[in-house]
Amino acid sequence: MTEIISEMLQERLKKLEEIKQAGINPYGGKFLRSHALDAKMEVGNRVSVAGRIKQLRGHGKTAFADLKDEKGKIQIYVSFDSLGEEQGNLFRKLDIGDFLGVEGEIFLTRTGEMTVKVEKFTLLSKSLRPLPEKWKGLKDVETRYRQRYLDLISNEEVKELFHLRSRLIRELREWLDKKGFLEVETPILQSVPGGAAGKPFKTYQDTLEMDLYLRIAPELYLKRLLVGGFEKIYELNRSFRNEGISTRHNPEFTMLEVYEAYADYEDMMNLVEELIVHLAEKLLGKKKIVYQGKEVDLTPPWKRLTFRQAMQDLYGVDIEEEDIKKLTDKLRSAGIKVEGNEVTRTGLVRLLERSLSATSPSPTFIIDYPAFLCPLAKKKNEKVAERFELFVAGCELANAYSELNDPLEQRERLKIQKGEEGEDGHLPDEDFVRALEYGMPPAGGLGLGIDRLIMLFTNSPSIRDVILFPQLRQGKNL
RNA sequence: GCCCCUAUAGCUCAGUUGGGAGAGCACCUGACUCUUAAUCAGGGUGUCCCAGGUUCGAGCCCUGGUGGGGGCACCA
């Protein structure tokens, strides 16, 4: 394998050497373009354009090539007679993949194609490795993820997907800004990782001589800001979880967290519904979409179902009045497989994901979770917390609650949690609790999985398809 | 961590029952003054993922490993 690469490399290295011998720099600098390749050009225009050679068709004394930039492509035509010896010799050493700047006049070929008649060209970058095949492109999933640049070069729809990702994030900011939310940034390196379940990545700061963790969520810092007097804030955050990797989980992922003082989880339900509908209309131009063969209708209002009712409907289990052990027993006696000693929150989420994807792929809010599963949420009553999760097409997309602002209760519930949690740096965050002791206004808080939302909008089966450089195991040495 | 699938040329892929490693594109040599998946003539460029094993003989069968994909588990 390396043998043949080096043979193809050899060929091009030889050309590169010859170009240098001729006193030409194969890696040119700034090149002034008159037009991007999606621009309107007319016959007779003198243009100066640049791009990568995608195809090359020699015809003896002439040649055609297709030049491509980010926006589009154009054909160029070379007549060696009129190009002169030096430029002619250089042109014959060009390959598919090279970057070129050309100057010349636009004309129409016999078949009517808009073409630049090259009067002068500049080699802007010599390519040493062959590009993926022109017709079938690059399919190998591993290469597509590992060498995303090749994927972007050969698969136009991938580039479009990431354009959409970028537009979505811009729209989302604009929408929140218009609603009066302030964008803030909080620490990624935290000494006490909190605000979610999940195992953190651990690291170390030399000067301070202290252990630090990459955040698993920004939640506890954002709530400190509520204490500080900000009333409507959000953070578009990269968070990190040191756990299993799957079609829905990348170790680093993008999330939106929103907090609004004097609001509650009902307001968050309305907010996330309005936001997602807005994004769908703006970016997709429709409210009915198809995800992996399933019809998803985003038309509001979305279905709301209490957790108790959902478990009743889906499994015939009444979970009211239960603690976690009784709940586990009930699920088991209803014939539901529960691994381990007792069911976990995620176990329940997985159950809901599977059942809801079959029965109702359209958005469904599951509301009012058992309180023991929600240590940071305000209780509605003894058994139930004011929390919801949003499921769309069998995927947990958002999670929100009325924030618990009673410091004494918060300390107790984190302690209980810590007891259940055991090791792993999951101590209660004392400074966070202290902040609550100064007083935090009641608030609604929301977390929304941005990668997953983009999966939904782009009909992508895997989270790796919507992250430019997804995490993979270390491959072979190059 | 467990289970299933998968790995052949730069790319996309074929490879029969275990018997000479192939095709298209790309690439190389030559021809060609409007082609556009240019065409024509010639050329195969390979650690069949890795390491063992069975066999007279392994791309193919067996065992172990590695990468990738999917599922399960884990993810207050």
Side-chain angles (χ1 to χ4, degrees), chain A residues 1-12 14-15 54-66 73-82 95-97 107-113 115 117 128-146 150 153-154 194-200 216-217 219 241-249 251 253 324 337-340 344-350 354 369-377 385 387 396 399 413-414 416-422 424 426 428 461-462 464 470 472-477:
Chain A
M1 198 196 299
T2 40
E3 296 280 318
I4 185 136
I5 287 180
S6 62
E7 280 203 31
M8 286 211 176
L9 265 173
Q10 288 309 323
E11 285 295 335
R12 295 208 180 181
K14 203 177 107 199
K15 289 180 186 172
K54 294 293 282 192
Q55 285 187 51
L56 201 50
R57 298 177 289 279
H59 290 268
K61 288 184 174 170
T62 66
F64 288 88
D66 295 336
K73 69 175 183 184
I74 196 162
Q75 177 170 263
I76 65 172
Y77 168 81
V78 160
S79 158
F80 289 102
D81 285 344
S82 56
D95 289 294
I96 290 174
F107 75 106
L108 281 186
T109 62
R110 201 178 284 162
T111 48
E113 175 152 353
T115 302
K117 181 167 182 355
L128 299 178
R129 292 178 186 268
L131 257 31
E133 202 254 2
K134 65 180 169 187
W135 201 240
K136 304 241 172 169
L138 181 66
K139 291 250 171 63
D140 183 73
V141 180
E142 184 175 354
T143 310
R144 287 185 46 222
Y145 295 154
R146 281 194 199 282
L150 294 180
I153 288 170
S154 53
K199 200 175 151 196
I216 53 178
E219 171 158 355
R241 296 187 189 172
N242 200 349
E243 284 151 10
I245 297 174
S246 74
T247 49
R248 312 209 157 134
H249 300 82
F253 61 102
I324 193 157
K337 206 176 115 201
V338 180
E339 305 269 340
T344 60
R345 187 196 75 85
T346 356
L348 291 169
V349 166
R350 295 289 297 167
R354 257 172 249 153
Y369 278 65
F372 60 80
L373 294 172
C374 317
L376 297 163
R387 172 185 196 161
E396 179 198 10
N399 174 19
R413 288 173 68 184
L414 284 175
I416 291 166
Q417 209 59 45
K418 183 205 165 197
E420 286 173 0
E421 211 46 36
D424 250 355
H426 264 239
S462 168
R464 296 182 201 97
L472 298 183
R473 226 173 275 266
Q474 189 143 35
K476 286 178 193 157
N477 290 336

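So you know, we letter chains A, B, ... as the sequences are listed, proteins then strands, and number each from 1. Computation of the quantities below employed the complete heavy-atom set of this structure, encompassing side-chain atoms and omitting hydrogens, waters and symmetry-equivalent molecules.
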Using a 4.0 Å heavy-atom cut-off, does [X] contact any base of the nucleic acid, only the sugar-phosphate backbone, or nothing at all?
X: A:R57; result: base
X: A:T247; result: sugar-phosphate
X: A:Y145; result: sugar-phosphate

Item to check | Set of residues satisfying side-chain contact (heavy atoms from CB on, under 4.5 Å) with respect to A:S82, sequence neighbours excluded | outcome: A:S79, A:K117

Checklist entry - Who are the side-chain contact (heavy atoms from CB on, under 4.5 Å) partners of A:L128, not counting sequence neighbours? => result A:L9, A:R12, A:L13, A:L16, A:Y27, A:K126

Could you tell me how far [M] sits from [N] if I compare only their [atom1] atoms? Round to whole Å.
N: B:G22; M: B:C5; atom1: P; result: 30 Å
N: B:C72; M: B:U17; atom1: P; result: 35 Å
N: B:C49; M: B:A58; atom1: P; result: 15 Å
N: B:G70; M: B:A38; atom1: P; result: 34 Å

Next on the checklist: Just N and O in the side chain of A:R464: are any of them under 4.0 Å from OP1 or OP2 of B:G70?
Outcome noted: yes

Next on the checklist: Can you see if the side chain of A:R473 gets near the phosphate of B:G67 - specifically, an N or O under 4.0 Å from OP1 or OP2?
Outcome noted: yes

If you only use heavy atoms from C-beta on, which nucleotide in [options] is closest to the side chain of [X]?
X: A:L472; options: B:C28, B:C32, B:G69; result: B:G69
X: A:Q55; options: B:A37, B:C13, B:C75; result: B:A37
X: A:K61; options: B:U33, B:C25, B:C27; result: B:U33

Checklist entry - Under a cut-off of 3.5 Å for both distances of each Watson-Crick or G-U pair, what dot-bracket string does RNA chain B give, using [ ] for crossing pairs and | for inter-strand pairs? => result (((((((..((((.....[..))))((((((.......))))).)...(((((..]....))))))))))))....

Checklist entry - For A:D140, what residues pass the side-chain hydrogen bond (donor to acceptor under 3.5 Å, both in side chains) criterion, not counting sequence neighbours? => result A:T143

Check the interface with nucleotides 40-42 of chain B: list each N/O to N/O pair with the protein under 3.5 Å, or write none.
none

Checklist outcome for this item: Assign each of A:S462 and A:H249 the nucleotide of RNA chain B bearing its closest heavy atom; nearer the 5' end lies the nucleotide of A:S462

Item to check | 5' precedence on RNA chain B between A:T143 and A:T115 (nearest-nucleotide basis) | outcome: A:T143

Next on the checklist: Using only modelled atom types and a 3.5 angstrom limit, is any donor from either the side chain of A:Q75 or the base of B:U35 paired with an acceptor on the other?
Outcome noted: yes

Checklist entry - With distance as the sole criterion, do the side chain of A:T109 and the base of B:U35 form a donor-acceptor contact below 3.5 Å? => result yes

Checklist outcome for this item: Those residues at least two apart in sequence (or on a different chain) that pass ring pair (Phe, Tyr, Trp, His ring centres under 6.0 Å) with A:Y77 are A:F64, A:F107

Item to check | Donor + acceptor pair across side chains of A:S246, A:H249 (<3.5 Å) | outcome: yes

